[in-house]
Amino acid sequence: MTSWIPRGRALPHEVWAARHRALLLVLAAHLIVLPAFAATRGWSLPAAWAFDVAPALSGALACVPRLSRTVRSSLCATALLCCSAVLVVAWHGTTEAHFHYFVMVGTLALYQQWWTFLLAIGFVVVQHGAFGAVHAETVFSHDHSPWKWAAIHGAFVAALAVAMLASWRESERVAEAEAASEERFRRAFDDAPVAIALVSPRGQVIQGNRELRERTGHVQPEGLLIWDFVPELDRVELAAAWPPAPDAPEQERRYVRADGTVGWFLWRSSLISDASGNPDHWILQGVDITARKQDAERLDHQAHHDALTELPNRARFDTVLKAALAPGRDVAVIFADLDNFKIINDSLGHRTGDELLVEVAERLAAELRPDDVLARFGGDEFVILLEGLDGIGEARRTANRLAAVLKEPFVLAGHQRFVSASFGIAVGNADAEALLRDADAAMYHAKEQGKARLEVFDESLRARAMARLEIEAGLREAMAAGELELHYQPKISLADGSLYGLESLLRWQHPVLGTISPATFIPIAEQSGLIVPIGEWVLNTACRQAAEWRSRGHEFVIAVNLSPVQLSSPSLARVVDDALRDSGLPPAALCLEITETAIMEDPEAARRVLQSLKALGVKLAIDDFGVGYSSLSKLKYLLPVDIIKIDKSFVDGITDCPDDRAIIAAIVSLAHELGATAVAEGVETEDQANALRALDCHVAQGYHFSRPLPAYRCFSQSEILSAASPALSPALRAPTPTSSKMPLNFSA
């Protein structure tokens with residue numbers, strides 16, 4: 001029932017003040033016009049001006065700022081109603097004069113207050129009744145019941161008031177709806193999770209929301225040009241592209257914050273046209289994708305850079321190399337690989353190894369030109385791309401400079417350490433993959449030549465690389481195809497010419513290439529990792545064959561060579577134990593031969609492996625003794641061993657080189673003192689055998705006694721002992737077992 005009644009909320013002060021001033025102007029106009037009108041109706045001028053006193057006084061008081069809004073509004077309303085009363089009296093109560101009341105009542109609705117309507121109704125009733133009772137013709141054109149007609153006039157005014165109130169309420173509803181709509185838009189605009197800007201056709205921001213202000217740091221973006229939000233390098237481009245097409249696709253653009261930092265927005269634009277169809281403004285919506293961009297950049301960096309050194313990785317280097325080769329100019333690729341880096345990792349720990357790699361990267365980078373590219377391919381491999389070369393000589397000089405800076409000492413774990421690297425260079429303008437492969441091949445050739453060297457790729461290396469690939473490919477199928485077999489070379493006791501043992505030697509009979517030397521395919525097998533399954537096959541085959549021969553009454557020690565790769569395997573002891581169990585061979589009948597160089601690559605780790613093997617009960621032999629290291633301080637790492645093998649390079653000079661003879665005598669004496677067996681290898685003449693006997697060497701092997709034989713020829717027609725004779729073997733003194741860890745045992 002009361003829904004039509006207006007809420008009567010107070011007007012904003014600025015609005016009220018404007019309306020109040022307008023009504024005072026209306027009052028002022030009445031104060032001038034009404035006396036003149038009264039004079040035309042027969043009033044004297046003093047009487048006409050006298051009627052202006054009351055409304056003029058009320059109007060003057062309504063102008064006093066110290067009074068409240070309510071008082072000032074009441075005074076102005078009363079003054080205007082008095083003007084209506086003056087007009088009615090001056091016009092002798094005609095009906096037309098009373099219309100002025102309705103005009104004033106409607107005018108007072110501008111104040112939008114209840115009391116103005118109540119004041120108008122009360123004023124009409126009281127003024128009409130009082131004036132009608134005293135002098136009826138001054139109010140009515142008749143003299144019948146003045147208070148009755150005053151009430152009737154009041155009712156008309158009340159009806160008008162009700163109509164005004166209903167209109168006022170409807171206006172309130174419209175205003176409330178508009179305000180709600182405005183509020184919804186304001187909230188949707190200002191509280192939107194994306195940056196929104198209303199932009200004029202000339203590119204000026206009309207209005208920006210909270211997200212735009214917070215993201216950009218501009219407290220008042222209004223008035224700025226849209227290209228003021230982007231970095232200076234992008235402003236010309238954006239200004240030239242403004243305004244966007246109505247159907248322009250979304251765009252990713254950088255934006256610069258008020259503090260100078262840079263972010264990314266994904267902008268979408270919408271054109272708003274006016275009633276004539278002309279562009280009025282654009283709505284730009286920006287989604288902040290800075291975090292996504294940073295994540296993408298970080299992932300891209302991680303995908304194309306090494307996590308440890310922050311250098312480009314192989315994927316990035318491949319891209320750069322292909323781009324460098326595109327113009328068809330010669331470029332140089334240098335492969336650098338640290339020598340013996342595994343020793344640093346295993347002895348000082350991987351963290352120290354990582355510190356070394358970081359410092360190596362810094363040193364290499366410091367020696368290169370700004371346009372040169374240094375990358376890390378993984379492990380201890382670094383690759384350098386050189387462009388704009390004068391020739392291969394410049395690449396050589398660069399590599400030599402890099403090698404020199406690496407030779408300076410590194411401080412690792414509080415101590416100075418020295419590092420070297422092997423370098424391979426390839427120059428060309430063809431295929432990127434081929435250039436990398438050639439540089440890699442040159443680097444491996446440098447390592448094969450003794451490490452800490454520089455090699456330049458040529459066609460001979462290409463041929464070797466191709467041959468190596470063919471051998472590696474064939475080696476992968478050799479075991480399954482039955483192309484690998486073991487030959488056995490006897491070891492003869494020099495004391496009595498009896499058989500001490502057999503050394504198993506791997507042979508490869510290729511169906512196309514024929515017999516391939518172990519010196520050729522064993523290094524390839526080690527580099528490719530194939531030596532591990534091949535080594536297990538050799539161990540199992542040799543143990544089974546030795547067990548079969550022992551079952552026929554042949555007592556000897558079977559020797560199997562271990563690769564350095566096998567020695568580094570944590571499962572080596574288990575593999576040996578499985579081979580012994582499967583074959584039934586006694587552990588003491590198996591001798592595992594390991595080169596001195598392989599042990600010295602990581603002495604502590606090798607010692608642990610040797611101890612685990614010794615715990616199985618097998619014999620251990622150090623092959624090529626005296627070739628790898630001359631420092632006796634390293635000898636403790638060779639213990640506990642049972643056999644020391646004297647390298648063929650010393651045996652070759654035993655008869656005509658006093659130095660070689662002295663070295664052999666020292667090794668034999670050392671073996672005697674350690675309680676180990678001295679075995680000389682590569683004995684090819686009787687004079688060499690006699691010289692070894694004279695030096696009290698225990699065992700010898702070589703072509704003088706027998707070449708390596710396939711299994712089916714061993715122990716047939718005494719081939720093994722054809723060159724050995726007890727007559728040539730005077731009694732030797734037994735070695736003194738000074739070490740309780742390795743008692744001498746010539747037979748299994």
Side-chain angles (χ1 to χ4, degrees), residues 484-509 515-522 534-535 537-550 552 554-563 585 589-596 618-625 627 642-652 654 664 677-686 688-689 692-693 697-725 728-729 746-748:
L484 298 181
E485 64 175 333
L486 293 183
H487 285 201
Y488 301 89
Q489 186 175 35
K491 298 178 180 180
I492 304 301
S493 174
L494 293 176
D496 55 9
S498 62
L499 176 65
Y500 172 78
L502 295 173
E503 180 177 359
S504 56
L505 301 170
L506 185 61
R507 296 292 183 264
W508 182 14
Q509 190 66 32
T515 301
I516 300 178
S517 169
T520 300
F521 72 81
I522 291 297
I534 291 176
W537 177 84
V538 170
L539 180 63
N540 285 296
T541 302
C543 287
R544 286 195 300 269
Q545 184 64 70
E548 180 185 344
W549 282 330
R550 288 176 65 86
R552 288 189 267 161
H554 300 292
E555 299 290 332
F556 63 92
V557 176
I558 187 72
V560 176
N561 291 282
L562 291 182
S563 162
L585 184 70
L590 174 63
C591 177
L592 300 176
E593 295 190 3
I594 308 153
T595 63
E596 178 190 7
V618 300
K619 296 182 183 298
L620 299 178
I622 301 302
D623 203 0
D624 303 333
F625 184 81
V627 175
D642 302 283
I643 297 169
I644 297 177
K645 297 191 72 174
I646 304 169
D647 189 70
K648 182 180 185 299
S649 62
F650 300 125
V651 175
D652 288 343
I654 192 172
I664 293 175
T677 301
V679 177
E681 57 184 356
V683 180
E684 297 183 352
T685 67
E686 184 175 346
Q688 291 174 342
L692 290 168
R693 288 190 183 93
C697 184
H698 302 115
V699 179
Q701 71 179 104
Y703 284 4
H704 171 63
F705 302 104
S706 174
R707 290 178 176 273
L709 301 173
Y712 72 89
R713 291 183 59 187
C714 296
F715 298 105
S716 64
Q717 301 177 356
S718 301
E719 288 188 76
I720 287 181
L721 303 180
S722 60
S725 170
L728 300 176
S729 306
F746 285 102
S747 62

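Position 1 is the first residue of the sequence; numbering continues from there.
- In this structure, Ile622 CD1 and Leu620 CG are separated by 7.0 Å, a value rounded to the nearest 0.5 Å.
- Looking at heavy atoms from C-beta onward, Glu681 lies in side-chain contact with Asp623 at the 4.5 angstrom threshold.
- In summary, of the residues considered (Arg707, Gln701, Glu503), a side chain to side chain donor-acceptor pair (under 3.5 Å) with Gln489 occurs for Gln701 alone.
- Closest non-hydrogen pair, Gly682 versus Val651, comes out as O-CG1, 3.9 Å.
- Two residues are said to be in side-chain contact when any heavy atoms from C-beta on lie closer than 4.5 Å; Asp642 and Cys591 fail this criterion.
- A distance of 7.5 Å separates CD of Gln545 from SG of Cys714, quoted to the nearest 0.5 Å.
- The minimum heavy-atom distance between Leu502 and Trp549, with the atom names listed, is CD1-CZ3, 3.5 Å.
- Under the salt bridge (charged side-chain N to carboxylate O under 4.0 Å, His left out) criterion, the residue pairs touching residues 537-548 are Glu548-Arg552, with sequence neighbours excluded.
- Ring centroid separation for the pair Phe556 and Tyr488 does not come in under the 6.0 Å cut-off.
- Here the CD1-CG distance, from Ile643 to Leu592, works out to 10.0 Å after rounding to the nearest 0.5 Å.
- For the atom pair Cys697 SG and Ile646 CD1, the distance stands at 4.5 Å (nearest 0.5 Å).
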* Asked: Can you list the steps and then say if Leu590 with Cys543 is a side-chain contact (heavy atoms from CB on, under 4.5 Å)?
  -> CA-CA 8 Å; Leu590 174 63; Cys543 287; 4.2 Å; yes
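- Distance check: Thr685 OG1 to Ile654 CD1 gives 9.0 Å after rounding to the nearest 0.5 Å.
- In terms of modelled atom types and a separation under 3.5 Å, the side chain of Ser504 and the main chain of Ala559 share a donor-acceptor contact.
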* Might you work through the side-chain contact (heavy atoms from CB on, under 4.5 Å) test for His704 and Gln688, ending with a clear yes or no? => CA-CA 9 Å; His704 171 63; Gln688 291 174 342; over 6 Å; no
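- The heavy-atom pair separating Leu494 from Ala700 by the smallest distance is CD2-CB, 3.9 Å.
- By the 4.5 Å heavy-atom criterion applied to side chains, Leu506 and Leu486 are counted as neighbours.
- Nearest approach of Arg550 to Leu585, heavy atoms of both residues: CD-CD1, 3.4 Å.
- Using a 4.5 Å heavy-atom cutoff, the side chains of Trp508 and Ile534 are not in contact.
- The closest side-chain heavy-atom distance from Leu505 to Asn561 is below 4.5 Å.
- Between Gln509 and Thr515 the shortest side-chain heavy-atom distance falls below 4.5 Å.
- Side-chain contact between Phe521 and Pro518 is present, with at least one heavy-atom pair separated by less than 4.5 Å.
- Here OG of Ser498 is found 14.0 Å from NZ of Lys491. Values are rounded to the nearest 0.5 Å.
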